[in-house]
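Everything numeric here is computed off the predicted structure, so don't read it as measured data. Side chains are part of it too, since the values below use all heavy atoms of this structure and drop only hydrogens, waters and symmetry mates.
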Amino acid sequence: MTRFRRTLRQTFTIARRDFIATVFTPIFLLFLFAPVIMGSFGAIGGLGAASVSGGAQDKTRIIAIVPAATSRPIAEADTRLRGMFREDEAPPALTTVAPLADPAAQARAAFETKDIDASAVIYGSLDAPQILYGPRGKRSADYLGLLAQTTLAAQKLGGTLPAIAATKTQITRSTTSVGGQHQSAFFAVFGIFFLTLFLSGQVVGTMAEERNNKVIEVLAAAVPLESVFFGKLIGMFGVAVLFVAFWGTVVTQITTLMPAGAAAALGDLAPAVGGPMFALLFAAYFSMAYLLLGSVFLGVGAQASTMREIQMLSLPITILQVAMFGLSSAAVSRPGSWIATVAELFPLSSPFAMAGRAANSAELWPHVAALAWQALWVTIFITVGARLFRRGCCNPGVPGRSGVARRRRRLRFCNPPRPGRWLALARRRGGKGNLCCVSSSVAFGATSPCGGGSLGYGPTLLT
């Protein structure tokens, strides 16, 4: 067997072991349904906020202090103008009040009443009205000015505005719109950001447990550390793919039950490269974003020896991901600019920015170059992380050890003998309280004569 095939088998053996150890646990079900739990809490909070906002909105009014002869025309004009607003964008309800001896004092007193919350108050003649408004009533004041103008125009035309019969025809574009491309680009950037934010952070702690119980030293003695790192990264990526496949299937079924308005809004998302190619590139860039961020997080997390140190890394990791999202969002809103070029070339933001470019530009050759560029940086990050870990794990610099002892330990774990010599070396060492004995049992999947069992890597780790 060639060296490449042996390394490949060792890598996928470690990946399979980490995938099975993660998926075949009850905790994985809790992780799989975490979006439901998060959505439930979000829905409860949203309903509470909506009830509070709705209760306050029901008591908010705009007040018109006008004579009785003007009350009906201004109410009719208000009804016509409200037809132009959506329900959640309409101004507060109109209340008409007859003027008293001092309309200005009456208008100011309206803001002090306990029954309603006055947003804006109009008084005086319609051709030169006086409008008072509260801290958040600027939009309501503008509406009252338009309402007075419309009412005055209707009065001068005999009481009503002239009716027209407009013919309205909906036109469907045959090509993608600029707005649809920008929306698709932001959707791609946000989608990759959300998935990587939710999934890639788990890679940080994968090395901590095995480093604490010294299993990583056994793996370092059995296979190259680059294979260990890459295998663990592939195993966690398999978990992420399973998560995305599950929820992707659920979401595609939910979209068939969406109302026509929501389906039409999704239909406006028109990427420049076309729907099928955009979906393929989105999957490719999500994979590269996960592998890039995961390789960085794996290398950084491998330097942590305790869970406290891993928890301290969570904030910098989140800040890094949000920074890449902000940079890529700015890039897709300004295609062809210098900030777009920077985002596309910087390794950690390149998958986000190039996914947005797929929505804004129909060129395909830059994506081939970008994927190769990102794969190169995945290799670099894994290699650098493995070397940094090898320096800390294989040569920890324990006080009291001589240089000879440290060199022997480094040779023992970082330069293991050939696979065929493991069992012979274990027998020669006696197989009692010897790490080589444990290493051979782990590597070949056998029961260790030291009293331990197989860690699940099987007989392919060294063969």
Please indicate whether F282 has more than 12 foreign heavy atoms, meaning atoms of other residues, nucleotides or ligands, lying under 6.0 Å from its CZ.
-> yes
Quick one: list whatever passes side-chain contact (heavy atoms from CB on, under 4.5 Å) with L345, sequence neighbours left out.
-> T341
Would a distance-only check, ignoring hydrogens and angles, find a side-chain to backbone donor-acceptor pair under 3.5 Å from S350 to E344?
-> yes
Quick check: are there more than 12 heavy atoms from other residues, nucleotides or ligands sitting under 6.0 Å from CD1 of I37?
-> yes
Tightest non-hydrogen contact, residues P224 and Q10, listed as CD-OE1, 3.6 Å
Answer yes or no: is there a side-chain heavy-atom contact under 4.5 Å between L199 and F286?
-> yes
In terms of the angle between their ring planes, are F190 and F186 parallel, tilted or perpendicular, with boundaries placed at 30° and 60°?
-> parallel
Restricting to pairs with a member in residues 331-358, which pass ring-ring contact (aromatic ring centres under 6.0 Å, His included), not counting sequence neighbours?
-> none
Describe, in one word, how the ring planes of F237 and Y290 are oriented to each other, choosing from parallel (under 30°), tilted (30 to 60°) and perpendicular (over 60°).
-> tilted
Only pairs under 3.5 Å count here: list side-chain donor-acceptor contacts from residues 362-372, not counting sequence neighbours, and write none if there are none.
unit_1: E363; atom_1: OE1; unit_2: R357; atom_2: NH2; d: 3.3
unit_1: H367; atom_1: ND1; unit_2: Y285; atom_2: OH; d: 2.8
unit_1: H367; atom_1: NE2; unit_2: E363; atom_2: O; d: 3.3

Any idea how F194 and F198 line up, ring-wise: parallel (<30°), tilted (30 to 60°), or perpendicular (>60°)?
-> parallel
What are the two closest non-hydrogen atoms of P35 and L32, and how far apart are they?
-> CD-O, 3.5 Å
So, the side chain of T196 versus the backbone of F193: is there a donor-acceptor pair under 3.5 Å, distance only?
-> yes
Would you find a donor on one side and an acceptor on the other, under 3.5 Å apart, between the side chain of R16 and the backbone of G231?
-> no
Side-chain heavy-atom pair V36, W247 within 4.5 angstrom cut-off | yes
Got a donor-acceptor contact below 3.5 angstrom from the S295 side chain to the L292 backbone?
-> yes
